[in-house]
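Every heavy atom of this structure was used, including side-chain atoms; hydrogens, water molecules and symmetry mates were not.
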Amino acid sequence: MSSNDIKITVDSIIKNGKTGAITMTGWALNQKLKQSPEIVIDDLYQKDVSIQRLYRMDVNTLFEVPNEENCGFEIKVAGELNGTLPIHFVSEQAKRTYSLKMNKMYTLEIGTETPTQLKLAKVKKGLNYLRKNGFKSTLQRYQLEKRIGGDEYRAWILSNETDDVSAFIPRVNELNQRPLISIIMPVYNVEVRWLSEAIDSLLKQVYPHWELCICDDASTSSELKEFLAKIAKSEERIKVVYNKENGHISKASNAALSVAKGKFVALMDNDDVLSPLALLRVAEAVNQNPDLKLIYSDEDKIDENGKRFEPAFKPDWAPDLLMGTNYISHLGVYERALVNEISGFRVGYEGAQDYDLVLRFVEKIDETQIYHIPEILYHWRALPGSTARKQSEKEYAGDAGLKALSDALVRRNLSGNVSKGIAPGFYDIRYDVLEEEKVSIIIPTKNGSDVLKSCVDSIIEKTSYSNYEIIIADNGSDEAAIETLYQRYQAKIGERFVVQRINIPFNFSRINNIAAKSAKGKYLLFLNNDTEVINPDWMTIMVSYAQFQRVGCVGAKLYYPDNTIQHAGIVMGLGGIAGHGHHYFPKGDLGYFGRLYLDNDYMAVTAACVMLRKADFEAVGGFDEEFVVAFNDVDLCLKVYDLGRVNIWAHQATLYHYESKTRGYENTAEKIQRFEGEKKLLQRKWPEYIEHDPFYNPNLTRGTGNFTVRVD
């Protein structure tokens, strides 16, 4: 037996900035024997080191290791220890030693940094971002992070929440229905301190009709077992069941589910905290709509010291966003009968068991049975090693999520491929184009041959989708150069290049409507002449969504020439009317909770690049010609949305848009007057969507599109 048979992988080493203590996580395996090595510490260091063995589904699956082998480890070393700590991994006659250098500069554990360390870390992070993205983008990112984790969020809490919830107690008796809500909580060797705080947040609930169903998954902590026995005796609403063997989170959750009696089950991690009003808000929602089957809320994170940060203000039901990430998450409340009907949590999906559950659950219900409560009702405990703190510490969760999404495509009879996205917990789906139907690309233009040439050349030279025609909606060009350009394209691609002369006073809506009548394609793609293709698959991606009957308008990710965001979806209500989300964010920035790298449902997308079925375009009467210049695209999307379609922004369909950043909307009195008239027209037609955009949380600012906290 050789020491080389023992494989050691260190996933993370985190240092407590205040105490100097180190936490090392990873896994080790004797690959020859399929056995987890014993971890041995020299006697000299025994008092300074604690070791916890962990089950690693990913390792066991990859190397075909029996389930009873706990290959993972978490090793905690006291900060008083200096020098190098030898950690021995022993299996049969083989031994391999890992040398942990205590004085090395490791990643600091968030929340434990000294003020000096914290400042240095922020300066380093800021300098890296500045070098990559420039001063303006760095300032914008600083403002965003300040708002979601700093003074602005604390101001929001003070404005929107109260510590005195006694005034809400009478509301319980006013409810016609008081459904029992069962809290499902799997437990395994959690620190009693955190579990106690989680249970305490339940005992403080204004709504009293709940039960806590705990399954202890064969914990080895005697302190924890004593605590569980004590609380089960002290509170009749708390049930505790015990697994004889460690079956991991799906089995433990199912065991807890098996003793639940409530009409609804709520999922809660054993170290998290509920708002005192959480269950009351759920009960109130059910009273307003007794047909509800899935209810979810906004959430934030809470550190070891009780400080809250990173609020996740979510959209209402957004089916395509859910296919990219589990934005439902917590607080998630499900009808228990349906959870049982779909067999609860599935073994083999550990790490993404909640994601797998919600994907299967929503397939059985109507979207009218899903309700979003736009309040922070759940606080994720951000501890070292937790998913809330550092997603990458649970790589197996990404693999399980990939598996859950792939299964969803099969169940839904959808053909496509799922891949991991740009960050942990994010996924990209490429739906297969079932039939390559013709796309009619409509490009309005007047003169500007150089601009148009860049646009059309990029389509012809880069686009991988082959079945398209290009219709130039020429609005009175009189340049000789542009006529030469037209002749060149007609010689190059023949009948697929069409020039339609539309010699009328400029009206963007009317020009596009006239051109659309002659289009031969199943799909219409309205495209500005000052765009340029980046991704060859851009049109394929847009068709892959537009082919679905449930989908209306499909938009693309548009960049300015300096690689900042020009368009990433339109948010209703911004500036009192409508505006672009994530405007000017730099390329590579993930945006608000990753939304710049996830396909999103939006109320509207820009007509600078938008695709929809010609049948839908005709069904809504095309562009409203009262919108001569502005808001015609917003109006079109809202009309299509009212057909029962969803409008989607596809982040992988990328183009440049050479629109001037400094141009502004209008620059003459006449144009300003016209713009104001079109703005008022949109406000008259769509007041309900301007007041409430279901894909934009009311707790986010309506002043700009940077998704910062709304503090009035």
Looking at [X] and [Y], does any basic side-chain N land under 4.0 Å from a carboxylate oxygen?
{"X": "R360", "Y": "D356", "value": "yes"}
{"X": "D635", "Y": "K685", "value": "yes"}
{"X": "E299", "Y": "K314", "value": "yes"}
{"X": "K639", "Y": "E618", "value": "no"}
{"X": "E469", "Y": "R496", "value": "no"}
{"X": "R430", "Y": "D537", "value": "yes"}
{"X": "K522", "Y": "E435", "value": "no"}
{"X": "D616", "Y": "R613", "value": "yes"}
{"X": "K293", "Y": "D366", "value": "no"}

(Q) If the test is side-chain contact (heavy atoms from CB on, under 4.5 Å), which one of D599, L414, L409 qualifies with M323? (A)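 Passing option: L409.
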Distance-minimising heavy-atom pair for [X] and [Y]:
{"X": "T445", "Y": "N447", "answer": "OG1-O, 3.4 Å"}
{"X": "V605", "Y": "V610", "answer": "CG2-CG2, 3.7 Å"}
{"X": "L322", "Y": "I328", "answer": "CD1-CG1, 3.8 Å"}
{"X": "C609", "Y": "L525", "answer": "SG-CD1, 4.2 Å"}
{"X": "L682", "Y": "I690", "answer": "O-CD1, 3.9 Å"}
{"X": "S440", "Y": "G521", "answer": "OG-N, 2.8 Å"}

Hey, are the side chains of [X] and [Y] touching, using non-hydrogen atoms and a 4.5 Å cut-off?
{"X": "V358", "Y": "D354", "result": "no"}
{"X": "K587", "Y": "T564", "result": "no"}
{"X": "T484", "Y": "Y486", "result": "no"}
{"X": "H651", "Y": "N600", "result": "no"}
{"X": "I577", "Y": "L574", "result": "no"}
{"X": "L700", "Y": "T708", "result": "no"}
{"X": "W649", "Y": "L596", "result": "yes"}
{"X": "I470", "Y": "V456", "result": "yes"}

Could you grab the distance from atom [atom1] of [X] to atom [atom2] of [Y], nearest 0.5 Å is fine?
{"X": "K679", "Y": "I672", "atom1": "NZ", "atom2": "CD1", "value": "12.0 Å"}
{"X": "I511", "Y": "I443", "atom1": "CD1", "atom2": "CD1", "value": "13.5 Å"}
{"X": "I459", "Y": "L655", "atom1": "CD1", "atom2": "CG", "value": "8.5 Å"}

Any side-chain donor-acceptor pair under 3.5 Å between [X] and [Y]?
{"X": "D457", "Y": "Y489", "result": "yes"}
{"X": "E532", "Y": "Y658", "result": "yes"}
{"X": "N535", "Y": "T654", "result": "no"}
{"X": "S329", "Y": "N326", "result": "no"}
{"X": "Y656", "Y": "D530", "result": "no"}
{"X": "E436", "Y": "S466", "result": "yes"}
{"X": "D298", "Y": "H372", "result": "yes"}

Keeping the roles fixed (side chain from [X], backbone from [Y]), state whether a donor-acceptor pair exists under 3.5 Å.
{"X": "S449", "Y": "I482", "result": "no"}
{"X": "N507", "Y": "S509", "result": "yes"}
{"X": "R645", "Y": "C637", "result": "no"}
{"X": "T531", "Y": "N528", "result": "yes"}
{"X": "S458", "Y": "C455", "result": "yes"}
{"X": "N647", "Y": "A604", "result": "no"}
{"X": "K462", "Y": "I534", "result": "no"}
{"X": "H567", "Y": "H580", "result": "no"}
{"X": "N512", "Y": "P444", "result": "no"}
{"X": "N475", "Y": "I504", "result": "yes"}

May I ask you to check whether [X] and [Y] place their ring centers less than 6.0 Å from one another?
{"X": "Y696", "Y": "F313", "value": "no"}
{"X": "Y584", "Y": "Y560", "value": "yes"}
{"X": "F617", "Y": "F623", "value": "yes"}
{"X": "F426", "Y": "Y597", "value": "no"}
{"X": "F508", "Y": "F627", "value": "no"}

Q: Evaluate the criterion side chain to side chain donor-acceptor pair (under 3.5 Å) for residue pair H692 and D316; output intermediate values, then yes/no.
A: CA-CA 10 Å; H692 173 63; D316 292 345; 3.1 Å; yes
Q. When you look at CD of E688, are more than 12 heavy atoms from neighbouring residues, nucleotides or ligands closer to it than 6.0 Å?
A. yes
(Q) Surrounding CD of Q500 (heavy atoms of other residues, nucleotides or ligands, distance under 6.0 Å), is the total greater than 12? (A)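 Yes - once you tally the heavy atoms of other residues, nucleotides and ligands closer than 6.0 Å, there are more than 12.
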Q.
side-chain contact (heavy atoms from CB on, under 4.5 Å), that's the test. Do M572 and L638 meet it? Break it down for me.
A. CA-CA 10 Å; M572 300 303 298; L638 296 180; 3.9 Å; yes
Could you tell me how the ring of [X] sits relative to the ring of [Y]: parallel (under 30°), tilted (30 to 60°) or perpendicular (over 60°)?
{"X": "Y592", "Y": "F707", "result": "parallel"}
{"X": "F585", "Y": "H582", "result": "perpendicular"}
{"X": "Y153", "Y": "W156", "result": "parallel"}
{"X": "Y296", "Y": "Y327", "result": "perpendicular"}

Q.
Run E483 and R501 through salt bridge (Lys or Arg N to Asp or Glu O under 4.0 Å) and show every step you take.
A. CA-CA 12 Å; E483 294 300 328; R501 312 287 178 171; 2.8 Å; yes
(Q) Using the rule given for side-chain contact (heavy atoms from CB on, under 4.5 Å), can you reason through V433 versus M539, listing the C-alpha separation, both sets of side-chain angles and the distance that settles it, and then say yes or no? (A) CA-CA 11 Å; V433 174; M539 197 183 302; over 6 Å; no
Q: Go through V439 and I441 one step at a time and tell me if the side-chain contact (heavy atoms from CB on, under 4.5 Å) criterion holds.
A: CA-CA 6 Å; V439 176; I441 308 171; 4.2 Å; yes
Q. Only one of Y641, Y602, F695 clears ring-ring contact (aromatic ring centres under 6.0 Å, His included) with Y689; which?
A. Y641
